[in-house]
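By convention here, the first residue in the shown sequence is residue 1. Not measured: the values here are computed from a predicted model.
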Amino acid sequence: MATARVLNCVPSAISFDASETVTVSDKATLDALNEATAIVRRGECVAFPTETVYGLGADALQPSAVLSIFSTKGRPSDNPLIVHVSSRAMLASLLPQNYSPSPTYAKLMDAFWPGPLTLLFPADGTKVPSEVTAGHKTVGVRMPAHPVGRALIALSNTPLAAPSANSSGKPSPTRAGHVARDLVDRVPLILDGGACQVGVESTVLDGLNDDGKLRILRPGGVTVEQIQALLGQEGPEVLVHRRDFADAQLEDAPTTPGMKYRHYSPAVPVVLLRTTSPPQGTEEVSIEQIIDSMQSCDKRRVGFMALSDSTIQPPTLDNVEWHFFPLGPLAVPSVTAQRLFDGLLTLESLGVDLILVEAVPEDREGLAIMNRISKAATVTKWLKP
Ligand code: TXA
Ligand code: MG
């Protein structure tokens, strides 16, 4: 395939009315969207922005189109895809005839759609191809909030199956340039809608269990605190996978990122830095010791991703060239989320030999951030005070 074309879109030129109909007021943006729509109709993939990360989309209703997503990414075929819709009517067209969402789902959709929340629904095999669900009984669906992504779905007039637009195992792209570098000759077209505002993927929520509890399979852009605040004290219990529940079947099947396959890893070693007290028997080390132990060459280029008000001081070392990528203030984890994948991918493209990333508290967006960093990291080190 030839090199991907990158076409600029102006998000502010796109609007949706109350009946979820799209209007595009900028000619170049409309032309780009029409070009992308034609590719979707042909059954090929297009890279497009969502508010979380860039997606690699294809017509969710054409099995061969869905298969081309897997081959483009090098994705294992047993990992199900999220289906993206532009309207509630499109959601309804995917669901079993007599199914209606629970009051809790209705509340969640009213509050967080369009937005970074994926809900699991019962899958109707006559409507959603098994290539999308990887044979699971459920299908994950979300309505993206990014005007360009949502407009592409609306104009294509079909739901789009879309994983993140990266080679399997790499950090998710949050800028068109990240996609271009990774999938350059594997996609015909990348719609550029600017940097993604959320920066980590959607929260994947399973509310289909008989016990009525909500299970977060993947923490993401909608925080557990936001869900709990919406549903209130009387609302259902919200459980986070691995923190509050384990599920052998889930861990065996690759139904959430990083459980079975390697994820989010740049081509460079990533070290997670912790300043908390280490587990018993683990020695605390200095940053200099970490760098010495990771690299044997004379000159080291080291990426440093830490909070802008971090207590960690990178030492001045003769043989180290530092590349700083600040992650925003401790008090605002949404900024850290927005910058995380951008930092890993930017530092990787600068050709650093090693990336050091500071751990953050696991509240609000911090839960999703630590979920991703832990999977990206080659090793965790506890720093000497
Ligand atoms: O924000 C996002 O969710 C982005 C953008 C492009 O929308 N998409 C994304 O897709 O992150 P992907 O494929 O990289 O991650 C989706 C995860 C998969 O790892 C998959 O295991 C899980 O959601 N998933 C999808 N369908 C599922 C299902 N039926 N049951 C359980 N997990 C599911
Ligand atoms: Mg992904």
Give a yes or no answer on whether the side chain of [X] reaches the backbone of [Y] with a donor-acceptor pair at less than 3.5 Å.
X	Y	answer
Thr378	Val270	yes
Glu20	Arg88	yes
Thr203	Val222	yes
Ser310	Ala306	no
Thr223	Glu365	no
Lys73	Ser164	yes
His146	Val148	yes
Arg186	Thr72	yes
Tyr105	Phe121	no

Query - CZ-CG distance between Arg150 and Leu160, expressed to the nearest 0.5 angstrom - result: 13.0 Å
**Report entry** Criterion side chain to side chain contact (heavy atoms under 4.5 Å, CB included) on Thr138 and Thr133, from CA distance to verdict
**Finding:** CA-CA 7 Å; Thr138 57; Thr133 57; over 6 Å; no
Is it true that [Y] and [X] share a donor-acceptor pair across their side chains at a distance under 3.5 Å?
X	Y	result
Ser68	Glu44	no
Thr104	Ser102	no
Ser202	Thr118	yes
Ser167	Asp182	yes
Arg142	Thr52	yes
Ser156	Thr158	no

Are [Y] and [X] co-members of a hydrophobic cluster defined by side-chain heavy atoms under 4.5 Å apart?
X	Y	answer
Leu208	Val240	yes
Val184	Tyr54	no
Leu345	Leu350	no
Leu231	Val204	yes
Val187	Leu67	no

Query - Residue among Asp26, Leu33, Thr23, Leu30 satisfying side chain to side chain contact (heavy atoms under 4.5 Å, CB included) with Ile14 - result: Leu33
**Report entry** Heavy atoms of other groups near Arg42 CZ, more than 12 under 6.0 Å
**Finding:** yes
Just distance, no hydrogens or angles: give the donor-acceptor pairs under 3.5 Å from side chains in residues 325-344, sequence neighbours left out.
| residue | atom | partner | partner atom | Å |
| --- | --- | --- | --- | --- |
| Thr336 | OG1 | Leu327 | O | 2.7 |
| Gln338 | NE2 | Cys196 | O | 2.8 |
| Arg339 | NE | Pro326 | O | 2.5 |
| Arg339 | NH2 | Pro326 | O | 3.1 |
| Asp342 | OD1 | Arg175 | NE | 3.3 |
| Asp342 | OD1 | His178 | NE2 | 3.1 |
| Asp342 | OD1 | Thr346 | OG1 | 3.0 |
| Asp342 | OD2 | Arg175 | NE | 3.1 |
| Asp342 | OD2 | Arg175 | NH2 | 3.0 |

